[in-house]
> 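Please see the structure below; I have some questions.
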Amino acid sequence: MTKYIFVVGGVISGVGKGIATSSIAKILQDYDYKVTTIKIDPYVNIDAGTMNPIEHGEVFVTDDGLESDQDLGNYERFLNEDMHRINYMTTGMVYESVIHKERNLEYKGKCVEVVPHIPEEIIHRIETCAKKTKADFVLIEIGGTVGEYQNLLFLEAGRMMKLKYPEKVIFIMVSYLPIPDKIGEMKTKPTQHAVRTLNSSGIQPEIIIARARVPLDKPRKTKIAIFCNIKEEDVISAPDIQSIYEVPVNFEKDGLGERIIKNFGLKARKNKVRAKKWEEMVKNIRNIEKPSNKKVLKIATIGKYFTTGDFILSDSYISVIEAIKHAAWQAGYRPVINWIDSEIYEKNPKKLNELLNYNGIIVPGGFGMRGVEGKIKAIQFSRENNIPYFGLCYGMQLAVIEVARHLAGMKNANTTEINPDTPFPVIDLAEDQKENIKNSRYGGSMRLGSFPCEIKKESVSFRAYKEKTVLERHRHRYELNNDFKDKLEKAGLMMAGVNRERNLVEIVEFKNHPFFVGVQFHPEFKSRPLQPHPLFKEFIRACLTAR
Ligand code: GLN
């Protein structure tokens with residue numbers, strides 16, 4: 001009896017379709033439904049793994065090792081549930097399986113056509129997800145904006161599904177209403193056009209979520225209702241707000257949950273206890289985030305995927321940002337996260353002194369050579385000045401290099417990712433990865449997904465997790481080279497977490513420091529607003545007490 005909700009974007013991209021989808025899912029969950037979500041990315045890539053973060057934003061990794069879109073991270077954070085491969089789809093994935101089936105004669109001699117075979121494959125994937133998750137509601141977020149060529153076949157799949165089960169499918173359009181400066185009035189025309197465009201694909205939305213700078217007034221709602229052919233109650237006002245986590249609460253002010261349920265001809269009651277937990281969290285965030293709140297925590301994040309032209313992109317590290325926020329909020333502090341391009345420390349090492357103004361330093365995941373020496377300098381600075389340091393993936397590898405070079409006497413130690421001829425390859429490729437590189441097998445071939453890590457009792461990490469074995473998500477090719485373990489240990493680096501099966505070091509900690517922890521995995525992917533990640537909590541605790 002699964003119901004399907006397609007979420008499409010109108011007018012412009014970037015108005016928060018992912019957050020809207022996550023919020024709708026969260027609302028339905030508060031009505032005690034089992035909900036799941038699917039993100040559709042219309043590009044030809046099979047997954048997001050081969051794309052530069054500046055192109056695409058963060059690559060979010062699931063437990064089962066899919067390299068996906070950051071929206072899956074939003075879904076996990078809002079629903080407090082894990083997403084899997086079945087929750088993601090790209091044009092590349094769909095075509096790949098249709099071509100595969102054709103080669104296997106699964107179309108039994110038929111001519112395989114773009115329509116209906118491609119939309120049928122899309123529908124098959126959506127239905128498989130519904131079956132596997134046993135969801136009452138499946139939300140399907142179609143990437144891009146209506147009117148684009150790229151997402152037409154996904155819209156076509158939606159149309160065909162509605163034809164197949166008229167009572168089980170609705171469409172929600174997330175639109176945008178501009179308020180041009182000189183006119184000063186909110187304009188509905190672009191939304192009207194977007195709906196007409198959607199109509200030309202044979203689809204009429206049931207609900208419109210109207211994103212705008214401010215709430216919608218009555219005349220605007222009436223106008224959209226008349227011109228877009230929907231009920232006035234089904235126009236939901238979605239003004240800009242401060243925290244993304246407030247969006248479900250805001251949607252509910254306009255009765256979105258009930259409207260969706262009514263559109264399916266259902267009756268349901270909200271689980272007030274469940275909804276209250278979230279509402280209280282949102283209230284807490286609102287209080288903490290007040291600019292007048294003096295309890296501020298300053299974190300420097302040092303990386304390189306920040307700029308595109310004149311714009312700063314924080315999308316590349318969205319899970320890191322959210323994980324910091326979750327832990328800081330729970331501690332009652334307002335996090336101020338600054339982005340520092342590590343190359344400035346290469347050009348001007350004096351700038352490192354600025355880091356003394358921060359409570360803590362993070363070097364997140366990354367690839368390649370640019371900015372690496374600057375990051376290593378920043379790590380050294382945090383070690384020598386007792387500033388809490390948290391290294392995530394590349395941030396762990398570079399911390400190992402820093403200790404090797406400056407405390408273990410291994411001059412020019414490096415990762416072979418940067419210098420294959422280094423005399424001290426403290427970070428190196430495992431054998432299976434050497435094969436991948438040799439054969440140019442780059443797509444989906446890193447060490448991906450969830451792996452167990454055993455933790456040493458006497459470590460800071462154990463204090464954080466309070467567990468001997470934890471599961472964390474990975475996305476990397478290179479590993480700490482066990483040949484150098486002894487030397488590094490003698491220099492004061494503790495191998496605090498190990499994967500027993502493959503004997504891989506997953507956590508390093510520098511002793512005699514308030515917090516100097518590097519993890520080969522990505523803890524940020526598992527932080528949730530109601531359950532901050534233990535290591536981020538411990539890092540934040542150290543930031544508040546270190547100096
Ligand atoms: N470039 C490093 C590797 O491939 C680290 C990857 C990462 O930070 N995600 O091992």
Side-chain angles (χ1 to χ4, degrees), residues 47-63 65-70 73 301-306 315-321 323 342 361-376 378-379 389-402 404 413-420 422 425-438 440-451 453 472-482 484 497 499 502 504-508 517-527 535:
D47 55 44
T50 53
M51 273 180 275
N52 182 321
I54 291 192
E55 287 279 314
H56 178 271
E58 170 186 277
V59 176
F60 187 81
V61 181
T62 58
D63 271 348
L66 171 76
E67 296 173 283
S68 73
D69 182 74
Q70 52 179 292
T301 309
I302 302 171
K304 69 168 180 180
Y305 302 115
F306 298 137
D315 263 15
S316 319
Y317 302 106
I318 177 153
S319 292
V320 179
I321 302 176
S342 56
I361 294 170
I362 290 183
V363 172
F367 295 84
M369 180 130 74
R370 185 162 68 79
V372 153
E373 289 303 320
K375 289 183 199 174
I376 294 173
I379 296 169
Y389 171 73
F390 196 12
L392 311 172
C393 205
Y394 215 15
M396 172 265 202
Q397 298 176 352
L398 300 178
V400 171
I401 295 170
E402 192 278 311
N414 218 328
T415 157
T416 50
E417 177 173 357
I418 293 177
N419 179 7
T422 167
V426 288
I427 306 290
D428 197 8
L429 286 174
E431 281 310 313
D432 55 332
Q433 288 298 344
K434 285 186 186 153
E435 279 300 300
N436 284 335
I437 303 263
K438 207 166 86 194
S440 296
R441 279 194 305 254
Y442 290 106
S445 68
M446 286 189 229
R447 184 168 172 231
L448 291 169
S450 183
F451 296 98
C453 168
E472 291 286 0
R473 296 182 192 171
H474 292 249
R475 180 175 185 251
H476 55 100
R477 279 189 212 284
Y478 295 79
E479 309 280 352
L480 189 144
N481 184 344
N482 284 333
F484 296 94
N499 174 285
R502 292 187 55 191
L504 299 171
V505 175
E506 313 280 40
I507 308 178
V508 296
V517 178
V519 293
Q520 185 55 84
F521 44 82
H522 290 272
E524 68 272 22
F525 292 147
K526 289 182 78 166
S527 179
L535 285 178

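By convention here, the first residue in the shown sequence is residue 1. Indexing begins at 1, ligand by ligand and atom by atom, following the structure's order. Just so we're clear, the structure is a prediction, and the values are computed from it rather than from any experiment.
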> Looking only at atom types and distance, does a side-chain atom of E524 sit under 3.5 Å from a main-chain N or O of I321, one as donor and one as acceptor?
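The answer is no, because no donor-acceptor pair under 3.5 Å joins these two groups.
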> Quick one: do E67 and R475 make a salt bridge, cutoff under 4.0 Å?
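Looking at E67 and R475, the cut-off is met.
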> Mind checking salt bridge (charged side-chain N to carboxylate O under 4.0 Å, His left out) for E479 and listing every partner two or more places apart, or none if nothing turns up?
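Result, salt bridge (charged side-chain N to carboxylate O under 4.0 Å, His left out) vs E479: R447.
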> Backbone N or O of F60 within a donor-acceptor pair of the S68 side chain at under 3.5 Å?
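Flag set: sc S68 to bb F60 pair under 3.5 Å.
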> So which protein residues pack against ligand 1 under 4.0 Å, heavy atoms counted?
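Lining ligand 1 at under 4.0 Å, by heavy atoms, one finds G365, G366, F367, C393, Y394, Q397, E417, R475, H476, R477, Y478, H522.
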> Side chain to side chain contact (heavy atoms under 4.5 Å, CB included) with N419: which residues, sequence neighbours excluded?
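Result, side chain to side chain contact (heavy atoms under 4.5 Å, CB included) vs N419: N414, D421, T422.
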> By ring-ring contact (aromatic ring centres under 6.0 Å, His included), which residues pair with H476, not counting sequence neighbours?
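Listed in chain order: H474.
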